[in-house]
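For reference, the structure discussed in these notes is given below.
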Amino acid sequence: MNRKTRIAVVGAGLGGMTVAGFLQRAGFAVTIYEQAPAFSRIGAGIILSANAMKVLRRLGLEQMVVDIGIKADCYISRAWDTGETMYKIEFDAESEARFGGPYANIHRGDLHAVLEKGVVPGSIAFNHRLAALDERRDAIRLAFDNGVTVEADIVVGADGVNSKVREYLLGLEPPRYIGMAAQRAIFPTQALRGFKIPDCTKWWGPDRHILVYFMTSRRDEVYVIGVAPRATWDSDAASLPSSRQELFKNFGDFHADLLRVIEVTTDVTVWPIFDRERNNRWSGGRIVLLGDACHPMRPFMAAGGAMAIEDAAILSRCLAQFDEADEAYRWYEATRIDRVGDAQRISIENSWMRGATDTDWFYCYDPCTAPLDRPA
């Protein structure tokens with residue numbers, strides 16, 4: 001594809017920043033449009049498995065993630081009541097060699113600071129919330145609610161589950177609330193007063209689960225995310241204040257080891273969980289989608305971020321390799337849809353590492369070198 005092709009990436013999340021970094025390295029003129037006023041250290045933790053870390057390595061960012069976050073030494077699944085270990089995977093030198101990369105935990109805000117170093121300075125336009133798209137014969141016009149309008153040859157919709165780009169491509173289709181919500185909390189490890197916890201533990205209940213993990217190599221910050229049924233979500237807010245008492249209401253009958261963690265949580269918030277029915281149309285005209293904009297995932301496999309990063313690697317390869325955008329999109333979709341579909345199915349089942357699990361198909365995959373699949 002002609003390297004003078006102007007590419008607008010809408011959304012500076014994991015997928016948007018990654019695809020922009022690769023396309024800029026391939027010689028394209030890329031601008032990222034982000035609705036937030038700036039990156040800030042708010043939000044939550046995220047897990048990046050080896051398949052995602054291999055992508056960040058090629059952007060020169062892997063070591064930064066490891067230095068700021070933590071290269072977790074294990075993942076443990078435990079039964080909610082007895083505390084029995086249901087599954088455990090050690091992330092040691094042997095597993096890192098087998099998977100081709102580490103398993104890392106990091107604060108999302110810290111990760112964004114790393115990803116910013118992977119794109120051309122000044123190529124992120126903050127305070128740009130997309131208001132409308134107007135596709136014309138020779139370009140597509142983007143209008144933002146700050147009054148700015150720009151033109152591009154290609155628009156990459158990386159703007160999440162509430163994607164405005166998706167709405168233009170596929171029509172208005174509100175995300176589906178799944179009847180569950182996630183309570184999140186971050187607190188300093190010293191609040192545990194010496195009580196030792198593994199690097200990453202998932203506690204499995206009959207209809208709910210809770211994940212506890214460190215987010216820095218100093219192991220000085222703990223992230224907790226507990227998912228439980230919640231019949232409705234009536235607010236337009238992205239999240240609402242919650243409390244330690246609400247955490248106990250949902251998880252108070254869990255094992256004593258978990259309660260030692262819950263009892264020191266502070267600043268708890270609650271977030272609704274949305275997804276969408278699968279739709280295999282990811283592109284049309286000058287527009288292509290990636291990540292949660294086209295395949296939002298329930299956060300039960302810790303795969304949503306990795307899938308967006310994988311999308312970015314494959315899409316950038318296709319745009320660099322093929323002459324026409326529509327051909328690039330067809331190869332991208334053919335390569336990604338089945339794999340993403342497997343991750344979506346497992347996320348809905350909430351079965352990942354609940355017991356004996358084949359992880360190689362997921363962790364060993366390298367989207368920067370894997371063969372591209374020919375469209376049907």
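Throughout, residue positions are numbered sequentially from 1 according to the sequence presented. What's counted below: heavy atoms across the whole structure, side chains too, no hydrogens, waters or symmetry copies.
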Return the set of residues passing side chain to side chain contact (heavy atoms under 4.5 Å, CB included) with R219 (not counting sequence neighbours), or none when no residue passes.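 Checked R219 against side chain to side chain contact (heavy atoms under 4.5 Å, CB included); matches are I70, D73, D199, F214.
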Please give me the minimum heavy-atom distance between [X] and [Y], naming the atom from each residue.
X    : Y    : result
F248 : I262 : CE1-CG2, 3.4 Å
R244 : V264 : NH2-C, 4.3 Å
F126 : P37  : CB-O, 3.4 Å
F274 : P175 : CB-CB, 3.9 Å
V340 : W282 : CG2-CH2, 3.9 Å
Y329 : L319 : CE2-CD2, 4.0 Å

Cluster check [X], [Y]: I/L/V/M/F/W/Y, side chain < 4.5 angstrom:
X    : Y    : answer
I46  : L211 : yes
V150 : V30  : no
M297 : V161 : no
I337 : I348 : no
F22  : L14  : yes

Look at the rings of [X] and [Y] and say which category their plane angle falls in: under 30° parallel, 30 to 60° tilted, over 60° perpendicular.
X    : Y    : result
Y177 : W233 : tilted
F254 : W80  : tilted
Y103 : F91  : parallel

Should the pair [X]-[Y] be classified as a salt bridge under the 4.0 Å nitrogen-to-oxygen rule?
X    : Y    : result
K196 : D257 : no
R129 : D145 : yes
E327 : R330 : no
K71  : E96  : yes
R6   : D153 : yes
R98  : E94  : no

Give the intermediate values and the outcome of salt bridge (Lys or Arg N to Asp or Glu O under 4.0 Å) for residues R166 and E173. CA-CA 9 Å; R166 176 195 172 98; E173 181 190 29; 2.9 Å; yes
Would you check if there is a donor-acceptor pair between the side chains of [Y] and [X] at a distance under 3.5 Å?
X    : Y    : value
W271 : T269 : yes
E221 : T189 : no
Q183 : N250 : yes
N350 : H209 : yes

Check step by step if salt bridge (Lys or Arg N to Asp or Glu O under 4.0 Å) holds for D275 and R298. CA-CA 6 Å; D275 69 359; R298 303 182 184 189; 2.8 Å; yes
Inter-residue atom distance [X].[atom1] - [Y].[atom2], 0.5 Å rounding:
X    : Y   : atom1 : atom2 : answer
D67  : M64 : CG    : CE    : 9.0 Å
W203 : I76 : CH2   : CD1   : 9.0 Å
C318 : M1  : SG    : CE    : 9.5 Å

Check step by step if side chain to side chain donor-acceptor pair (under 3.5 Å) holds for S95 and E90. CA-CA 7 Å; S95 73; E90 302 280 356; over 6 Å; no
Assess R78 against W204: is NZ or CZ under 6.0 Å from the centre of the six-membered ring, and within 45 degrees of the ring's axis?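 No, R78 does not lie over the aromatic ring of W204.
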Can you list every pair that meets side-chain hydrogen bond (donor to acceptor under 3.5 Å, both in side chains) and has a residue in residues 300-311, with sequence neighbours left out?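 Every pair satisfying side-chain hydrogen bond (donor to acceptor under 3.5 Å, both in side chains) with a residue in residues 300-311: N51-E310, H295-D311, E310-R336, E310-R339, D311-R336.
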Would F187 and L192 count as a side chain to side chain contact (heavy atoms under 4.5 Å, CB included) if you check the C-alpha gap in whole Å, the side-chain angles of each, and the deciding distance to 0.1 Å? CA-CA 9 Å; F187 64 87; L192 291 171; 3.9 Å; yes
In this structure, are over 12 heavy atoms from other groups packed under 6.0 Å from R41 atom CZ?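 Check passes, neighbour count above 12.
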Using a cut-off of 6.0 Å, state whether more than 12 heavy atoms not belonging to D138 lie near its atom CG.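 Yes.
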Can you give me every donor-acceptor pair (side chain of residues 368-376, partner residue at least two apart or in another chain, under 3.5 Å) with its distance?
none

Only one of I124, V156, T18, I154 forms a side-chain contact (heavy atoms from CB on, under 4.5 Å) with V9, so which one is it?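 For V9, the side-chain contact (heavy atoms from CB on, under 4.5 Å) test succeeds with only one of I124, V156, T18, I154, which is V156.
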